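Model, not experiment: these values are computed from the prediction.
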Amino acid sequence: MESVIIGIAGGTGSGKSTFTNRLKRQFGESVTVIYHDNYYRRQENIPFEERKKVNYDHPDSLETELLLEHLKQLKEGYPIDCPIYDYTQHNRSEKTVRIHPSPIIIVEGILLLADKRLRDLFDIKVYVDADADERILRRISRDMEERGRDFDNIMEQYLTTVKPMHNLFVRPTRAMADIVLNSGRNDVAFDLFQAKIKAILEEAEKENKERERIRS
């Protein structure tokens with residue numbers, strides 16, 4: 001049984017990570033998580049101050065071609081070396097992390113559903129929605145605590161790129177999702193997803209046992 005790929009999209013601060021992390025904690029090694037953010041393009045040739053001004057909320061800022069290649073490799077049962085993005089340097093790190101295939105692959109990112117090639121690859125497409133005020137407050141908190149950004153930089157980025165790109169590229173993909181969640185903490189949605197993933201894992205286990213029976 002090939003891996004089932006779930007794409008979880010939605011605006012910045014919408015609750016994507018909250019929902020994804022709940023699923024990861026529930027199913028452990030049976031679920032592989034990949035973040036679209038790790039596929040931001042390399043920018044060694046651009047000075048740091050200029051890198052800070054790049055529009056990271058436009059689809060062209062991401063090396064989606066590499067993500068597609070990696071997802072196909074995982075789906076076929078091969079491990080990948082996933083890039084790591086350094087938010088403090090606004091650049092891709094020299095390090096990578098080895099990721100092994102699993103029955104369920106979750107891909108998370110704001111722009112996932114904006115790319116038709118990714119949409120066609122996903123078995124389940126999810127959009128996590130949230131009020132704009134809630135999203136910006138969560139982004140401010142995250143960027144200051146986890147990414148070492150100052151308030152003025154966060155607000156300038158939000159007003160010049162994050163908000164307009166959300167309206168242009170992210171929000172329209174809500175209509176392309178199979179499922180729309182109103183919160184990453186929606187317990188009803190989580191229970192339904194949990195049941196769906198459990199059924200997929202049980203089917204994969206059944207197929208593995210049947211293959212072992214045939215080989216023996």
Side-chain angles (χ1 to χ4, degrees), residues 7-21 33-71 81-97 99 106-119 122 125-174 176-177 184:
I8 300 182
T12 182
S14 61
K16 301 182 300 300
S17 294
T18 298
F19 194 73
T20 299
N21 291 337
V33 178
I34 296 179
Y35 300 95
H36 201 186
D37 284 2
N38 277 326
Y39 289 80
Y40 279 120
R41 298 183 184 279
R42 289 188 178 280
Q43 302 188 105
E44 287 88 350
N45 58 330
I46 302 176
F48 178 75
E49 290 303 317
E50 292 302 313
R51 293 202 298 266
K52 290 166 64 174
K53 301 174 185 178
V54 170
N55 183 353
Y56 294 100
D57 294 273
H58 191 283
D60 289 347
S61 66
L62 292 148
E63 192 178 357
T64 299
E65 298 80 7
L66 180 59
L67 173 60
L68 283 161
E69 179 183 328
H70 281 175
L71 290 176
D81 291 315
C82 180
I84 298 174
Y85 188 75
D86 185 345
Y87 294 98
T88 63
Q89 297 300 312
H90 297 278
N91 200 9
R92 191 181 293 181
S93 169
E94 292 300 322
K95 299 178 181 178
T96 60
V97 58
I99 294 180
I106 297 177
V107 193
E108 181 201 311
I110 63 172
L111 291 162
L112 288 178
L113 301 185
D115 193 297
K116 185 180 185 303
R117 297 168 300 174
L118 286 173
R119 292 199 305 271
F122 296 149
K125 301 182 291 293
V126 182
Y127 186 96
V128 184
D129 210 351
D131 179 79
D133 291 339
E134 292 180 21
R135 291 191 294 102
I136 181 56
L137 289 173
R138 290 174 189 161
R139 184 182 179 103
I140 291 171
S141 176
R142 181 201 66 191
D143 282 5
M144 292 182 75
E145 294 177 10
E146 299 177 17
R147 301 181 179 178
R149 309 273 173 83
D150 61 67
F151 180 81
D152 290 341
N153 175 260
I154 295 168
M155 289 310 300
E156 180 183 5
Q157 186 180 37
Y158 181 79
L159 294 173
T160 56
T161 63
V162 177
K163 184 178 179 180
M165 294 301 101
H166 174 83
N167 293 335
L168 186 61
F169 292 110
V170 183
R171 188 168 61 186
T173 66
R174 185 182 190 276
M176 302 172 188

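Going from atom OG of Ser93 over to atom CG of Asp86 covers 6.5 Å, rounded to the nearest 0.5 Å. Distance check, rounded to the nearest 0.5 Å: CG of Asp37 to CD1 of Ile34 gives 13.0 Å. Interatomic distance, Phe122 CZ to Asp115 CG, rounded to the nearest 0.5 Å: 8.5 Å. For the atom pair CG (Leu67) and NE2 (His70), the distance works out to 8.5 Å, reported to the nearest 0.5 Å. To the nearest 0.5 angstrom, Tyr158 atom OH is 7.5 Å from Met155 atom CE. Atom OG1 of Thr64 and atom NE2 of His36 lie 3.0 Å apart (nearest 0.5 Å).
With a 4.5 Å cut-off on side-chain heavy atoms, Ser17 and Glu108 count as touching. Side-chain contact between Leu111 and Leu62 is present, with at least one heavy-atom pair separated by less than 4.5 Å. Put simply, the side chain of Arg117 reaches to within 4.5 Å of the side chain of Glu65, judged on heavy atoms. Met176 has its side chain out of reach of Tyr127: every pair of non-hydrogen atoms, C-beta onward, lies at least 4.5 Å apart.
Shown here for Ile99 and Cys82, the closest heavy-atom pair between the two residues is CD1-CB, 3.5 Å. Here the shortest heavy-atom pairing between Pro83 and Leu66 reads CG-CD2, 4.4 Å.
Side-chain atoms of Arg92 do not come within 3.5 Å of backbone N or O of Ile84 as any donor-acceptor pair. Between the side chain of Arg171 and the backbone N or O of His166 there is no donor-acceptor pair closer than 3.5 Å. Without hydrogens or angle criteria, Asn91 side chain to Arg42 main chain gives no donor-acceptor distance under 3.5 Å. No donor-acceptor pair closer than 3.5 Å links the side chain of Arg51 to the backbone N or O of Asn45. Between the side chain of Asp57 and the main chain of Met165, no donor-acceptor pair closer than 3.5 Å is present. Lys16 contributes no side-chain N or O that, together with a main-chain N or O of Ile110, makes up a donor-acceptor pair within less than 3.5 Å. One N or O on the side chain of Ser14 and one on the backbone of Val128 form a donor-acceptor pair closer than 3.5 Å.
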task = Start with the C-alpha distance between Asn153 and Lys52, add both sets of side-chain angles, then the distance that settles side chain to side chain contact (heavy atoms under 4.5 Å, CB included), and finish with yes or no.
result = CA-CA 9 Å; Asn153 175 260; Lys52 290 166 64 174; 4.1 Å; yes
message = Apply side chain to side chain contact (heavy atoms under 4.5 Å, CB included) to residues Gln43 and Gln89 and explain how you reach the verdict.
response = CA-CA 10 Å; Gln43 302 188 105; Gln89 297 300 312; over 6 Å; no
key: Stepwise side chain to side chain contact (heavy atoms under 4.5 Å, CB included) test for Asp129 and Arg174   = CA-CA 8 Å; Asp129 210 351; Arg174 185 182 190 276; 2.8 Å; yes
task = Let me see the working for Glu63 and Tyr40 under side chain to side chain contact (heavy atoms under 4.5 Å, CB included), right down to the final yes or no.
result = CA-CA 6 Å; Glu63 192 178 357; Tyr40 279 120; over 6 Å; no
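Considering Val33, Leu112, Leu118 in turn, Leu112 is the only one that fulfils the side-chain contact (heavy atoms from CB on, under 4.5 Å) rule with Val107.
The local environment of CD in Glu156 is sparse, with at most 12 non-hydrogen atoms from other residues, nucleotides or ligands closer than 6.0 Å.
Aromatic ring orientation, Tyr87 versus Tyr85: perpendicular (interplanar angle above 60°, classes split at 30° and 60°).
Residues passing the ring-ring contact (aromatic ring centres under 6.0 Å, His included) test with His90 are Phe48, Tyr56, sequence neighbours excluded.
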